Amino acid sequence: MTTTRYGGVPAAITVRERSGWQSLGNITAHRTEDDALIIECGEARVRLSVEREDMIRVRLAPRGKFRRDFSWAVQPDAVTRVPFGLEEHDEHLEMVTDQIRVRIARRPCRISFHTNEGDFIAADDASKGMAWDGPEIRCWKALGAGDHFFGFGEKGPPLDKRNGAIVNWNHDAAEHEPFTDPLYQTHPFVIVLSRGRAHGLFFDNTYRSFFDLGKTSRTAWSFGADGGELDYYFIPGPTPTEVVRRYGRLVGTTPLPPMWALGYQQCRWSYESAKRAQRIAKEFRRRKIPCDTIYLDIDYMDGFRCFTWDPKRFAKPSALLTSLARQGFKTIVIIDPGIKAERGYAVFESGAAGDHFCRDADGHVYVGKVWPGESVYPDYTRESTRYWWGDLYKKLIADGVTGFWNDMNEPADFTHGDGTIPLTVRFDNEGEPTDHREAHNVYGMQMARATFEGMLRLRRGERPFVLTRAGYAGVQRYAAVWTGDNASTWDHLRMSLPMLLSMSVSGVSFCGADVGGFRAYPTPEQYTRWLQLGIFYPLCRTHTAGGAEQDPWSFGKRHERINRSVIELRYAMLPYLYSEMQYTTKSGAPLLRPVFLDFPEMKDVHKLEHEFLFGRQLYVAPVVHEGAKERKFRLPPGEWYGFDDGARRTGDAEHKIAVGLETIPMFARAGAVIPMRRPVQFVDDKPLNELILSVYPGRGRGCFYNDDGRTYDYQKGRFLLDEYETTSEQDATVLKLARRTGRDAFAPKAYLVKFNGVLKPPAAVELTGRKLAECKDARRFEQLGGANRSDGAWRYDKKSRVLWVRLKRFTPGDALAVIRKA
Ligand code: MIG
């Protein structure tokens with residue numbers, strides 16, 4: 001298969017700069033209505049309301065009539081009107097809440113946001129403010145010298161979009177390069193960071209939209225769209241994490257995935273026969289390289305007909321899937337939206353009978369061209385169509401498919417040069433018919449939703465796994481996202497970081513790029529480096545197209561050994577990954593975090609995009625250059641310790657370390673407690689009997705979350721959340737299990753505590769006042785397991801500076817003390 005069969009390159013999309021804009025004039029009247037402030041400026045109306053979390057929603061109706069109050073992104077329970085006070089001054093009105101003051105200048109009508117103490121946060125551009133031109137709408141904001149812009153979901157580098165501009169129009173960007181825009185997703189969400197303080201803005205509009213972040217003006221930044229309403233949420237900070245948390249409340253956070261989905265995933269275009277899929281599975285197990293999933297790309301289908309199997313190459317799908325399942329593999333198959341327009345094909349027939357396919361303006365069902373040839377497109381913006389679509393998965397699920405991969409859902413269409421279906425195509429739009437201009441950017445998200453909801457119905461009680469390419473703000477509620485067709489180059493390896501970091505701060509926590517690159521082939525070094533980065537992608541999947549092998553063992557013996565140990569590290573970190581993922585679902589704070597998120601005040605932090613924080617405890621500066629012999633990086637403020645050697649590093653300082661092919665520069669926060677396990681071949685391979693708690697010197701914390709890993713029973717209290725605290729005094733380091741929530745049933749059966757960076761053998765080790773025995777013999781210590789152990793024992797390893805402690809029990813309130821020699 002070659003890459004020449006892709007759809008076309010997009011027509012150049014540029015933001016028009018012209019002078020037909022009509023800005024808001026003077027305020028002529030105002031009133032409060034349904035907990036909102038309505039402002040009249042001649043014919044135009046502005047509606048301001050305070051939503052939960054003190055977010056301010058601003059809407060503009062140039063001709064006085066607001067559109068239907070409807071959103072694909074905003075969670076219904078996120079918007080509950082909060083009452084506000086109104087102050088009327090000569091020159092302005094002021095809305096006042098607990099946290100913010102919204103000042104609305106009267107002549108002309110311009111909005112600015114201030115803290116409750118009156119400190120300035122952000123303001124409309126004084127000359128232009130909110131404006132319209134025919135159906136187009138736009139809002140100009142004042143641009144500060146120190147403003148930096150983050151977010152926007154899936155966008156290429158740089159991480160900070162200051163002085164740039166972006167466009168949102170979901171696109172099958174098959175040949176994309178680092179500066180290609182638009183890509184596959186639309187997230188009109190921005191975090192503005194100004195001198196360490198942050199606020200956010202979510203522009204809830206599904207038309208083609210754009211942000212100009214100082215590209216055409218030095219004094220204003222702006223956002224707007226081709227149509228729809230100027231409808232945005234101002235999101236107060238002042239920390240970036242606060243903005244991200246509030247935005248998560250608004251559009252929803254990433255739900256807890258099934259635990260196996262955090263394992264390593266293997267994919268290619270394609271494992272085109274049952275035989276080949278079997279072979280790949282066997283190789284993983286034979287070579288003892290951990291892996292949880294095998295993907296089947298479009299060639300498993302019968303002539304690219306969705307929901308079918310090729311009768312020859314996949315003659316007995318359920319036998320294949322059962323066999324893979326027995327070896328510990330979950331099988332995930334691709335499903336595209338384009339349905340072959342063919343009489344007699346059951347999906348086409350039932351879709352036509354139910355009137356589920358999009359029609360063009362002339363009333364005919366629109367027929368485009370994708371993999372199956374002439375194809376029709378389900379209208380996922382209609383509830384009954386989503387339901388019909390969800391039920392189509394029944395047979396594949398019965399065959400044993402565990403997850404679904406939704407591709408081509410921008411939607412792609414090979415018929416036209418711009419790669420998508422015509423703008424005239426009609427959509428139900430949840431009961432308020434519209435055309436493709438408004439529906440385009442939500443098409444993929446609603447497809448993923450239909451898939452997710454179908455899986456929920458069909459696999460009662462099981463958490464779905466859906467992977468989608470296209471999406472709109474809030475897509476994370478339904479699916480993980482991968483970044484589409486990248487290439488096997490160092491540029492693409494590097495760019496995956498700003499892309500995934502941008503997605504992560506935009507709510508899409510469960511994301512990943514194709515490890516090794518999709519187009520072309522990586523060199524052995526490149527693949528290993530990519531894997532060393534990829535194990536920190538929340539979604540860790542190798543994928544490629546074409547003939548050459550791109551498996552962890554495809555690059556020679558030495559690389560195979562390194563690649564195995566890299567994947568093993570991912571599995572060793574699983575308890576941490578899962579615990580941090582659970583934190584994401586609650587807090588909205590992503591797993592993969594740009595440095596600015598936690599350290600907004602760090603000097604020049606907006607430039608840091610090739611290093612990141614992984615969860616709350618780790619900092620990673622991956623090696624991203626060919627032939628690198630050293631890695632330079634700047635550690636954030638605080639104290640840090642080498643993940644492997646426990647060596648202390650000063651924070652807020654530049655460092656340079658030598659790197660070999662096996663080096664992954666990783667550092668833990670002071671006092672970090674990182675829950676780990678011994679690597680397994682797949683997530684459900686062995687129960688987590690022994691939890692490893694990797695503890696670093698200093699004062700800090702950590703947590704361990706656990707549940708059944710696959711159902712929603714955790715919502716009924718069937719989970720465990722242990723919170724640890726570490727303290728370090730002159731005479732002792734103490735690890736305390738400070739709090740336990742949930743059920744003991746999910747607690748580990750045994751503990752292996754690893755105190756890193758212990759420079760001298762301890763005088764004693766005590767568990768809540770009782771001395772533990774020392775075990776000098778390494779082999780015996782290893783064998784001290786399970787029931788034949790008393791309270792525990794310890795062993796100090798001078799060479800690695802690790803103090804190991806084995807414990808049978810670690811219960812709430814327990815404190816494990818390492819007592820230093822006087
Ligand atoms: O037109 O299904 O991004 O991951 O392997 C190409 C074949 C269609 C594009 C996806 C890629 C997938 C490929 N698909």
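Both ligands and their constituent atoms are indexed starting at 1 by order of listing. Given the structure is predicted, the values throughout are model-derived calculations rather than measurements.
The residue from Asp485, Asp299, Asp336, Asp407 that puts a heavy atom closest to atom 8 (C) of ligand 1 is Asp407. When Asn486, Leu467, Thr483, Asp297 are checked for heavy-atom proximity to atom 5 (O) of ligand 1, Asp297 turns out nearest.
Side-chain atoms of Tyr366 and Asp379 include no donor-acceptor pair closer than 3.5 Å. Looking at Thr424 and Asp435, their side chains never bring a donor and an acceptor atom within 3.5 Å of each other. Using modelled atom types, one finds a donor on one side chain and an acceptor on the other under 3.5 Å when comparing Arg494 with His625.
Residue contacts with ligand 1 for Ile334 involve side-chain atoms from C-beta outward but no N, CA, C or O (heavy atoms, distance under 4.0 Å).
Remark: ligand 1 atoms within the under-4.0 Å shell around heavy atoms of His543 are 4 (O), 5 (O), 11 (C), 12 (C). Close approach of ligand 1 to Trp482 (heavy-atom distance below 4.0 Å) involves ligand atoms 3 (O), 4 (O), 10 (C). Of all atoms in ligand 1, numbered sequentially from 1 with element shown, those under 4.0 Å from a heavy atom of Phe518 are 4 (O), 5 (O), 11 (C). Atoms of ligand 1 found under 4.0 Å from any heavy atom of Met408, numbered from 1 in the order shown, are 1 (O), 8 (C).
The shortest heavy-atom distance from Trp405 to ligand 1 is under 4.0 Å.
Scanning for side-chain hydrogen bond (donor to acceptor under 3.5 Å, both in side chains) contacts around Arg710 gives Glu462, with sequence neighbours left out.
Within a 6.0 Å radius of CD in Glu177, other residues, nucleotides and ligands contribute more than 12 heavy atoms.
For the residue pair Pro378 and Pro337, the shortest heavy atom distance occurs at CD-O, 3.1 Å.
For Trp371, a nitrogen or oxygen atom sits less than 3.5 Å from a nitrogen or oxygen atom of ligand 1, counting backbone and side chain alike.
Here the options are Tyr387, Trp389, Trp72, the test is ring pair (Phe, Tyr, Trp, His ring centres under 6.0 Å), and the partner is Tyr380; only Trp389 passes.
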